[in-house]
Amino acid sequence: MLKIYNTLTRDKQDFKPITPNSVRMYVCGMTVYDYCHLGHARVMVVFDMVYRWLKASGYDVTYVRNITDIDDKIIRRAAENKESIHALTQRFIDAMHEDADALGVQHPDHEPRATQFVPQMLEMIAQLEQNGLAYQAADGDVNYAVRKFDGYGKLSGKSLEDLRAGERVEVTSSKNDPLDFVLWKHAKDSEADEVKWDSPWGKGRPGWHIECSAMGSKLLGKHFDIHGGGADLQFPHHENEIAQSEGAQLHEKGSRGQYVNYWMHNGFVRVDEEKMSKSLGNFFTIREVLKKYDAEVVRFFILRAHYRSPLNYSDAHLDDAKGALTRLYTALKSLPVRPELVEGERVDWSEPYAQRFKDAMDDDFNTPEAVAVLFDLANEVNRSQSPEAAAQLRALAGVLGLLQRDPQAFLQGGAGEGGLDDAAIAAQIEARIAAKKARDFAEADRIRKELLEAGIVLEDGAAGTTWRRA
RNA sequence: GGCGAGAUAGCAAAAUGGUUAUGCAGCGGAUUGCAAAUCCGCCUAUCCCAGUUCGAUUCUGGGUCUCGCCUCCA
């Protein structure tokens, strides 16, 4: 039985889907005005892992990860670059897809863009207004009347009183309450036509929070199973989503309908014990990191920690992850891949290692424990040289989107510029074999040392000499 | 200030009211011409103070420290 830590109740709960055997999941995606950084990588990889595990568990999953392609920062950036909103967002959407693909992130079933769902947002805002939860302020903005929604703060554990006490929001006189948030932003004359939509409240554009409510309910229904995102979205974004989505269906039944059953939030990526973020400027983009580290190493680095724990980024930690992943691939190296035992093959979940793996994953996606099982299995493979054990290792790792490459390709990959090419290495190995045959060990060792200095490690096995990059 | 999360060996990171986490690093042995890889064995641990308990790293209370949210954020 899968258990999920639910932010709403702050405990692990048995997962029971609304519709048997099927899961509807929504994850807040990126605002596309720049390249994705490692924090974004974590969201994508973590929920990709969740998506894969739900599918591996036999669920029919509908996964939606949205794209915010209209927002203040996008408008500002486009103006700075003197390019259209569409050109800017398309550029970074393409870049995001490249990054996600590199990290082995499967495509969500739907990837809605906010600009494609403005009618649905307007519909929801109208409903909120009708339900007495929204009002148009003097400046033309349509705001959500937070105090009218009973239970505001239930997700983030904040009360309106607490929030007011720590008030840091700039009080704009047009809001009835400083905590009210914008549903519809009134258009400014200075803005391009591209960012203006007609509405019953005049030209304007949607607020951020309404996007997810509208896209979620349009694609997954008014009540769905899982909603995920980074821990920083818990408040106010997800709190506001609840207020909107549940507030919009208040008229439908006597009791209030629930928007989402399980709220999941992943922890931050940190740099020197501090949250990685655009505003702090301490971020590393995915593409930047991939210049130095194999994408699978980055994926493994993310999955080696629990999704709710903080994850400290540093080269030392990436090196560590690389070493660990190397051990797994090394275990597979010596054994031929038997195609009938891998691709598309179902894992035998009754097998003890698989059982341990499943128990770990079912316990709120405990990937560190699942990865530990992989290492135990690798040890088994090394000892037994059993093709079945190797196939099982590949299959289980495959559930996490790991270990699917040719081991040799992983172990010998990552040649930087100016590195030795394969032919040169092969020639050196031949020369060393000749020296060894002549029992000229000094020469053989000299060649090995020379290659090692070039980052090439030689390994003399029973089947001959192989090499890998350090 | 309000609310929340956390503190595990040299580093990273799980779990657990008593009994091996796991990876990297280190030490000893096997193997190897010597290495590397691999195997076997070992070494380092549960922030502090009380309490509950036969027994606490785990539960309870207090403290210290760290981080996050309360403004855009994954």
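Convention: sequence-line order gives letters A, B, ...; per-chain numbering from 1. Values below: all heavy atoms of this structure, side chains included; hydrogens, waters and symmetry mates excluded.
- Look at the C1' atom in both B/C48 and B/G29: the space between them is 41 Å, to the nearest Å.
- Here the side chains of A/Thr330 and A/Pro407 are not in contact, with every heavy-atom distance at 4.5 Å or above.
- At a non-hydrogen distance threshold of 4.0 Å, A/Lys73 from residues 63-79 of chain A come into contact with RNA chain B.
- Between A/Lys275 and B/C69 there is a side-chain polar atom (N or O) within less than 4.0 angstrom of OP1 or OP2.
- Applying the salt bridge (Lys or Arg N to Asp or Glu O under 4.0 Å) test to pairs two or more places apart or on separate chains, none has a residue in residues 35-46 of chain A.
- Legend: residues meeting side-chain contact (heavy atoms from CB on, under 4.5 Å) with A/Glu430, ordered by chain and number and at least two apart, are A/Ile433.
- Base engagement by A/Lys436 is indicated by at least one non-hydrogen atom pair under 4.0 Å involving a base atom.
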Measure all distances between protein nitrogen or oxygen atoms and nitrogen or oxygen atoms of nucleotides 10-14 of chain B, and list the pairs falling under 3.5 Å.
unit_1	atom_1	unit_2	atom_2	d
B/A14	OP1	A/His306	N	2.7
B/A14	OP1	A/Ser309	OG	2.9
B/A14	O3'	A/Asn366	ND2	3.2
B/A14	O2'	A/Glu369	OE1	3.1

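- The nucleotide whose nearest atom lies closest to any side-chain atom of A/Phe375 is, among B/C72, B/U22, B/G33, B/U22.
- Taking only side-chain atoms of A/Arg270, from C-beta outward, the nucleotide of B/C70, B/A74, B/C67 with the closest atom is B/C67.
- Taking atom CD of A/Glu274 as the reference point, atom P of B/G68 lies 6 Å away to the nearest angstrom.
- Spacing of P atoms, B/G41 relative to B/U20, comes out at 13 Å, to the nearest Å.
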Anything under 3.5 Å between a donor and an acceptor, one on a side chain of residues 365-375 of chain A, the other on a protein residue two or more places apart or in another chain? List them.
unit_1	atom_1	unit_2	atom_2	d
A/Asn366	OD1	A/Glu369	N	3.2
A/Thr367	OG1	A/Leu303	O	2.7
A/Thr367	OG1	A/Ala305	O	3.3

Return the polar atom pairs (N/O with N/O) between nucleotides 3-5 of chain B and the protein under 3.5 Å, or none.
unit_1	atom_1	unit_2	atom_2	d
B/C3	O2'	A/Gly157	O	3.3

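- Scanning for side-chain contact (heavy atoms from CB on, under 4.5 Å) contacts around A/Lys449 gives A/Glu453, with sequence neighbours left out.
- Using a 4.0 Å heavy-atom distance criterion, A/Ala372 is classed as a base contact.
- Residues A/Asp162 and A/Lys158 are not paired through a salt bridge, judged by the lack of any N-O separation under 4.0 Å between the basic side chain and the carboxylate.
- Note: OH (A/Tyr353) to C1' (B/U20) measures 13 Å, nearest angstrom.
- In this pair, A/Tyr26 and A/Phe224 present their aromatic rings tilted. The plane angle is within the 30 to 60° band.
- When distances run from any side-chain atom of A/His40 to the nucleotides B/A21, B/A74, B/C72, the shortest one goes to B/A74.
- Looking at heavy-atom distances under 4.0 Å, A/Val269 makes contact with a base.
- The residue A/Gly267 sits close to a base: some heavy atom pair falls under 4.0 Å.
- Checked against side-chain contact (heavy atoms from CB on, under 4.5 Å), A/Asp99 has the following partners two or more places apart in sequence or in another chain: A/Cys36, A/Ile286, A/Arg287.
- Residues passing the side chain to side chain donor-acceptor pair (under 3.5 Å) test with A/Lys292, sequence neighbours excluded: A/Asp315.
- Remark: the separation of the C1' atoms in B/U71 and B/G63 is 32 Å, to the nearest Å.
- To the nearest whole angstrom, the two C1' atoms, one in B/C42 and one in B/A15, are 22 Å apart.
- Taking 4.0 Å as the cut-off between side-chain N and carboxylate O, A/Arg205 and A/Asp72 count as a salt-bridged pair.
- Nucleic acid contact class of A/Gly229 (heavy atoms, under 4.0 Å, all strands): sugar-phosphate only.
- Comparing B/U8 with B/U46, their P atoms are spaced 11 Å from each other, to the whole Å.
- Which of B/A74, B/U38, B/A36 sits closest to the side chain of A/Asn266 comes down to B/A74.
- Picking from B/C70, B/C67, B/A37 the nucleotide with the shortest atom distance to the side chain of A/Glu459 gives B/A37.
- Of the candidates A/Asp359, A/Asp14, A/Asp364, A/Asp14 is the only one forming a salt bridge (charged side-chain N to carboxylate O under 4.0 Å, His left out) with A/Lys3.
- Distances shorter than 4.0 Å separate none of the side-chain N or O atoms of A/Arg327 from OP1 or OP2 on B/U22.
- Residue A/Phe300 contributes atom CZ, which lies 14 Å from atom P of B/U22 at whole-angstrom precision.
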Would you tabulate the nitrogen or oxygen pairs shorter than 3.5 Å linking the protein to nucleotides 40-43 of chain B?
unit_1	atom_1	unit_2	atom_2	d
B/C40	OP2	A/Asn379	ND2	3.4

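- Of the residues in residues 439-457 of chain A, those placing a heavy atom less than 4.0 Å from an atom of RNA chain B are A/Phe441, A/Asp445, A/Arg448, A/Val457, in numerical order.
- Panel note: side chain A/Gln428, backbone A/Leu451; no donor-acceptor pair is recorded below 3.5 Å.
- A salt bridge between A/Asp294 and A/Arg405 is present, with a side-chain N of the basic residue lying under 4.0 Å from a carboxylate O of the acidic one.
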statement: Under the rule of Watson-Crick or G-U wobble with both distances under 3.5 Å, where | means paired to another strand and [ ] a crossing pair, RNA chain B maps to (((((((..(((.....[...))).(((((.......)))))....(((((..]....))))))))))))....
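- Straight-line distance between the C1' atoms of B/G61 and B/U53: roughly 16 Å, to the nearest whole Å.
- In this structure, A/Met44 reaches neither bases nor backbone, as no heavy-atom distance under 4.0 Å exists between it and the strands shown.
- Comparing B/U44 with B/C39, their C1' atoms sit 22 Å apart, to the nearest whole Å.
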